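Data block below; observations after.
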Amino acid sequence: PALGTGHVQEIGMQTALSNKKMVEALNKIKHLMRAGKISYDAAREFAEPHIKELNERMAGFAKENGQRPPRKVGFTSFMR
């Protein structure tokens, strides 16, 4: 099934989200994909910017606190 504009608003596609809101948006994408409302490719397309930003924030937080960068989160691992 194709992803309609209603799903984009339902997912919460915004550029600047808090970490909690970002994870909530990723969980909505996961739920929609598992329910069959959006395809795997569409889910990946909508999740990639959020996952990239999440990885950047985790690396920045680690650098600020003198820790080694954490392992990056990928689409497949997050959607499990």
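Computed from a predicted structure; not experimentally measured.
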For residues 71-80, run the donor-acceptor check on the side chains, cut-off 3.5 Å, and write out each pair with its distance to 0.1 Å, sequence neighbours left out.
from, atom 1, to, atom 2, distance (Å)
Ser77, OG, Gly74, N, 3.3
Ser77, OG, Gly74, O, 3.1

Please set out all donor-acceptor pairs under 3.5 angstrom arising from side-chain atoms of residues 58-66, sequence neighbours excluded.
from, atom 1, to, atom 2, distance (Å)
Asn65, ND2, Phe61, O, 2.9

### Task
Kindly determine whether Glu24 and Lys28 satisfy salt bridge (Lys or Arg N to Asp or Glu O under 4.0 Å), including the steps that lead there.
CA-CA 6 Å; Glu24 287 175 4; Lys28 282 183 183 179; over 6 Å; no
### Query
For the atom pair CD1 (Ile29) and CD1 (Ile51), what is the distance rounded to the nearest 0.5 Å?
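Interatomic distance, Ile29 CD1 to Ile51 CD1, rounded to 0.5 Å: 7.5 Å.
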#### Entry: Rounded distance (nearest 0.5 Å) linking atom CE of Met33 with atom CG of Asp41
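One finds 10.5 Å between CE of Met33 and CG of Asp41.
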### Message
Tell me every residue that passes salt bridge (charged side-chain N to carboxylate O under 4.0 Å, His left out) with Glu56, counting only those two or more places apart in sequence or in another chain.
### Response
none
### Message
Among residues at least two apart in sequence or on other chains, which ones pass salt bridge (charged side-chain N to carboxylate O under 4.0 Å, His left out) with Arg34?
### Response
none
### Message
Quick test of your reading of the model: are Glu48 and Lys52 salt-bridged, counting only N-O distances below 4.0 Å?
### Response
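Here Glu48 does not pair with Lys52 in a salt bridge, since their nearest N and O are not under 4.0 Å apart.
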### Task
Could you pull out the closest heavy-atom pair between His50 and Ala25, with the gap in Å?
NE2-CB, 4.3 Å
